[in-house]
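Below is one structure, written out as C-alpha cells, with a few remarks after it.
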2 protein chains.
Amino acid sequence: MAHKVVNRSTPGILKCMALAQVRDVAKLAGVSPATVSNALNHPERVSASTRQRIQEAIDELGYVRNDAARQLRAGSNRAVGMILLDVGNPFFAEVARGAENQLTTSHRPLLLSNSNQDAEREAAQLGLFEEQRLAGVLVTPVGNVLHRLRRLKERGTAVVIVDRKTGADEFSSVSVDDKLGGRLAVDHLLERGRQHIAMVGGPQNLRQIKHRLQGAQQRVQQSDSATLTFHETPTTDVAAGRLATLDILAKPRSTRPDAIFAANDLIALGVLQELVRAGVSVPDDIALIGYDNIQFSASATTPITSIRQPAEEMGSRAAELLCDVIDKPGAPVQHTVFQPEIVVRESTTGA
Amino acid sequence: MAHKVVNRSTPGILKCMALAQVRDVAKLAGVSPATVSNALNHPERVSASTRQRIQEAIDELGYVRNDAARQLRAGSNRAVGMILLDVGNPFFAEVARGAENQLTTSHRPLLLSNSNQDAEREAAQLGLFEEQRLAGVLVTPVGNVLHRLRRLKERGTAVVIVDRKTGADEFSSVSVDDKLGGRLAVDHLLERGRQHIAMVGGPQNLRQIKHRLQGAQQRVQQSDSATLTFHETPTTDVAAGRLATLDILAKPRSTRPDAIFAANDLIALGVLQELVRAGVSVPDDIALIGYDNIQFSASATTPITSIRQPAEEMGSRAAELLCDVIDKPGAPVQHTVFQPEIVVRESTTGA
DNA sequence: AACGCTTATTAAATCGTTTCAATTCTGCTC
DNA sequence: GAGCAGAATTGAAACGATTTAATAAGCGTT
C-alpha cells in the first residue's frame, strides 16, 4: 500500500527527542492534532479516556508546547513584564515581590528586568516587551517614554505606572505622595530643633526625588529661620551617599548642616557610614533621615528614621490594577495614591 | 479593473493602527514582505535606497515585529532566563546584576524570575522557560530538577548552574567552595577564643547551607574542646534569624553559645537585632559572623564579619559560561569555583 | 430502523514572520 | 548589443500550534 511521504525526518523518537510536537503526540495517541490541542486547552471537550491516552503520549514523548506557535495563533500572551529601576535596591525588590505574588494568583507569569535608571536600557526593554505582545507592563518610567507607552496601549498591551502619577489620565497608576513624604521628613527634623537641612539625592530627573525635594522646600519655607540645601547625586546608591557626605564634611564647620535628609535609605546608609567614620555623632551633631524604610535601615549602626512607603502593597496593587485593565478594557483608569508615614528611630532622636 | 480581495479589514491605518505587519510595511514601501524582512534581518542584502524607504514606512506605521512569529519561524530565541532563589536577598540581586551586565554585551535579553526557594514555583518557571524555547537558562536549583534540566538540554537550551556544583559533569557551573567558607568562619571564631558555636541557617535541603554546615563541622572536629550546634530555620531571611535567636536566648545562660555563625547575612542581621534588643553584647558576650558580605552587613549596628562571595563576578561568569555553551555546543562543560574570603569586622573583634 | 439530539473528533485554514530558490535588474566587457 | 556575473528582489513554502465549521459517533424514542 502507498503511504503519503512525511516530510519530517520520521524515525522521530529515536532520532532526537528534541522535537516532539502535537502531531507526534497525536499519532502516538491515535487521535488528531486538534484533539490533542483540545485536551490541553479545553479538557472538557474531550472524553476522559482519550484525554488519558493523550496524557500518556505526552509523558512518553516529553512533549512541551511551543509557546511561540501558541502565541502566534492565539494572538496574545498572558505574561506581564515589569521594569524595575534597580533590583539592587531592596525597596524595588519588595515592590516586585508584591507584584509577583498578586500575579501568581492570577496565573500570569511575570518577567522582570531592570533599567538601572538608564533611559536607553529602559527603551530597549520596552522594545522587547512590545515585540512579545505581552498582556501588560508595569513600569516606573525613567526616560521620556510616554509615547512608547501610548503605542503599547494602542497595541492592546495594558500599562500601569508604578510609583509615579502621570499628569494626564492616560494610564492607571500606583504612587505615593512624595511631596507629603518630603514635608513629613522636614517637619520631623524641624520639630526636633534642626534648622539647617541638607538633602542628598539622586538625579533630579527622577520624579520621585524631585517631589520629595519640593515637599521639603515647601515645609522649610513655612519656617523663617530654617534652610535647605540640595546636594545632587548622580545615582541613588550607598556610594552616592558616601561621596556626597564627604563633600558636606569638607565644608567649613560653621556652614555644616545639622540634619541630612537622604532621598532614599541606600543613600542614607552611605551618609551614615561616612559620618561615623568621620566621628560625627548621629544624631547629636547631625540628624539623619532616610526614605523607603527598607528593612536594613532598622538595623544600621544607628537605626535610621525613615519615611515608609508600603512597597509590597504598592506592587500588589499595581498588579491588581494591571489585571483590571487587561480584563476589562473599557474600564476607567484608576489611581491609587498611598500615604507615606514616618518611622522614627534613633538617627533623629538620640538613644 | 478587478482587485484581489484582501481578507484583512483593509482601511488599516485608519481603523486601528494596532496591527501593522510586514505586509503593510511592504505595501507602503512598494516592495515585497521578503524584502522588508531582509532589510530588518540582513541589511546587507538590500540596497541602501530601499532600506531607507522601508525604514520610513516602518516609522510611519509604527511597525513592531511580532516576536512570536519570528521565533516560530526562526526556531530559536536569543533570550536567556534566570531563576533567582530570592530577589529580596541583595546577594542574589547582585548576582543577577552581574549576569545582566554580561548578557547585555552579548545582546541577549535576560528574563528574571524568582523561585522563592519554592520547588513548585521553580518547576513552574522552568516550564515557562521550556515553552519559550529560550537560548539558555541560569538556575540555582532548589528542588529536584535535574531531570527537567536534562530535558532542557536535550531540547537545545543551554543550562548553567549557579552557586552549586552538581555532582555529575552534565552542566557547566559557577560555584563557591561553601565547605571552605564554613571552615573559614569557624576557624576565625576559634582563633578569637570562641568555643561554643551555634550555626543558624535555612532549610538543610539547600545545598549551599548544608555545605557551609559541613565545613563548619569539619573544623570544629579538629578542635577537641569546641562544640557546634545547628539551629535550622525554615527560611533564610531576617525574620528567621530573629526567631532562631529568641530560641537561643531562651536557653539557660550556661548553655548559651559564645558565637553565632549565620548561614547568610540576612539571618545575621536578624540575629543581631534580637541580641541587641536583649542587651547581649556583640561581640563581648556573643560573637557573630555572617555569610555573603552583602553591603548592608558593613553598616549594621555592629558591623558584621562575613564570608565574602564575589556575587557580581559569579553572575557575569555564569553568563559567560552560558554564552559559551550556547555558541559552541560541542565544547566541554566547565566549572568555575570561586574561593570565599573572610571580611573581618567588629562583630567578632570588638571595637 | 429511521429520527433527532448531544457529544467527540477531525480536516483545513490561520496566525505573522523568515527563508529558499527562482527571478529580475544592473552594469560591464568584448 | 549580446552575454554574463553579481546584486537586488520576490513568490511561495515553511514554522507549530489553535480554532472553526463540519463530520462522525453514540443513544434514547417512536
Side-chain angles (χ1 to χ4, degrees), chain A residues 4-9 12 17-27 29-54 57-58 61-78 130-133 155-156, chain B residues 4-9 12 17-27 29-54 57-58 61-78 130-133 155-156:
Chain A
K4 197 169 111 191
V5 177
V6 180
N7 58 356
R8 296 183 56 217
S9 54
M17 68 174 289
L19 22 63
Q21 34 190 233
V22 277
R23 77 162 150 252
D24 303 306
V25 174
K27 202 185 299 173
V31 295
S32 82
T35 305
V36 175
S37 173
N38 278 331
L40 253 43
N41 304 298
H42 309 278
E44 76 285 357
R45 291 189 194 161
V46 61
S47 72
S49 66
T50 46
R51 210 184 318 156
Q52 173 169 357
R53 217 154 8 103
I54 289 172
I58 287 178
L61 296 174
Y63 167 75
V64 173
R65 152 169 65 207
N66 182 327
D67 195 51
R70 167 202 179 68
Q71 259 178 235
L72 174 57
R73 178 64 238 234
S76 76
N77 188 338
R78 279 195 69 77
E130 217 168 350
E131 290 191 352
Q132 310 217 48
R133 306 289 194 266
R155 276 218 152 50
Chain B
K4 197 169 111 188
V5 176
V6 180
N7 58 356
R8 295 183 57 218
S9 54
M17 68 173 291
L19 21 64
Q21 36 191 230
V22 276
R23 75 163 152 256
D24 303 307
V25 174
K27 203 183 299 172
V31 295
S32 82
T35 304
V36 174
S37 173
N38 279 331
L40 252 43
N41 303 298
H42 309 278
E44 76 285 358
R45 291 189 195 162
V46 65
S47 73
S49 66
T50 45
R51 210 184 317 158
Q52 174 170 359
R53 219 156 5 104
I54 289 173
I58 287 178
L61 295 174
Y63 166 76
V64 173
R65 152 170 62 209
N66 181 328
D67 195 51
R70 166 200 178 68
Q71 260 177 237
L72 175 57
R73 179 63 238 232
S76 76
N77 189 337
R78 281 195 67 78
E130 218 168 350
E131 289 190 352
Q132 308 217 52
R133 306 287 194 267
R155 274 218 154 50

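Just so we're on the same page: letters track the sequence lines, and every chain starts at 1.
- Residue Arg65(B) has a polar side-chain atom (N or O) positioned under 4.0 Å from OP1 or OP2 of dT18(C).
- His42(B) has a side-chain polar atom (N or O) that falls below the 4.0 Å cut-off from OP1 or OP2 of dT19(C).
- Listed pair Arg45(A) / dT19(D) fails the phosphate criterion, with no side-chain N or O lying under 4.0 Å from OP1 or OP2.
- The phosphate of dT17(C) has neither OP1 nor OP2 within less than 4.0 Å of any side-chain N or O from Asn66(B).
- To the nearest angstrom, P of dG11(D) lies 14 Å from CZ of Arg23(B).
- Judged purely by atom type and a 3.5 angstrom limit, Arg23(A) has no side-chain atom pairing as donor or acceptor with the backbone of Pro33(A).
- For Tyr63(A) and dA17(D), the shortest distance from a side-chain N or O to OP1 or OP2 is below 4.0 Å.
- One can place CZ of Arg133(B) at 9 Å from C1' of dG16(D), the figure rounded to the nearest angstrom.
- Contact check for Leu40(A) versus Ile58(A): side-chain heavy atoms found under the 4.5 Å cut-off.
- Residues Val64(A) and Arg133(B) form a side-chain contact, since some pair of their non-hydrogen atoms from C-beta on lies under 4.5 Å apart.
- If you run side chain to side chain donor-acceptor pair (under 3.5 Å) between Asn77(A) and each of Gln71(A), Arg70(A), Gln132(A), only Gln71(A) comes through.
- Following rounding to the nearest Å, Gln132(A) (CD) and dG16(C) (P) show an atom-to-atom distance of 17 Å.
- With dA12(C), dA8(C), dA8(D) as the choices, the nucleotide that has an atom nearest any side-chain atom of Ser47(B) turns out to be dA8(D).
- Contact annotation: Thr35(A) does not reach the phosphate of dA8(C) (side-chain N/O to OP1 or OP2, under 4.0 Å).
- Counting any heavy atom pair closer than 4.0 Å across all strands shown, Val31(B) reaches sugar-phosphate atoms only and no base atom.
- Arg53(B) places a side-chain N or O within donor-acceptor distance of the main-chain N or O of Ala29(B), the cut-off being under 3.5 Å.
- Within the structure, a side-chain polar atom (N or O) of Arg70(A) is placed less than 4.0 Å from OP1 or OP2 of dT18(D).
- Side chain of Asn38(A), nearest nucleotide from dT10(C), dT10(D), dT17(C): dT10(C).
- Distance CZ (Arg51(B)) to C1' (dA8(D)): 12 Å, rounded to an integer number of Å.
- For dA14(D), its base sits under 3.5 Å from the side chain of Arg73(B) at one donor and acceptor pair at least.
- Atom NZ of Lys27(A) is separated from atom C1' of dT9(C) by 19 Å (rounded to the nearest Å).
- A distance of 8.0 Å separates OG of Ser32(A) from CG of Asn38(A), quoted to the nearest 0.5 Å.
- In this structure, Leu72(A) atom CG and dA13(C) atom P are separated by 17 Å, rounded to whole Å.
- Computed from coordinates, the Glu44(A) CD to dT7(C) P distance equals 12 Å when rounded to whole Å.
- Here the P atom of nucleotide dA8(D) and the CD1 atom of Ile54(B) are 12 Å apart, to the nearest Å.
- Here Ser37(A) does not reach the OP1 or OP2 of dT19(D): none of its side-chain N or O atoms lies under 4.0 Å away.
- Among the protein residues, Ala74(A) comes within range of no part of the nucleic acid, since none of its heavy atoms lies under 4.0 Å from any strand.
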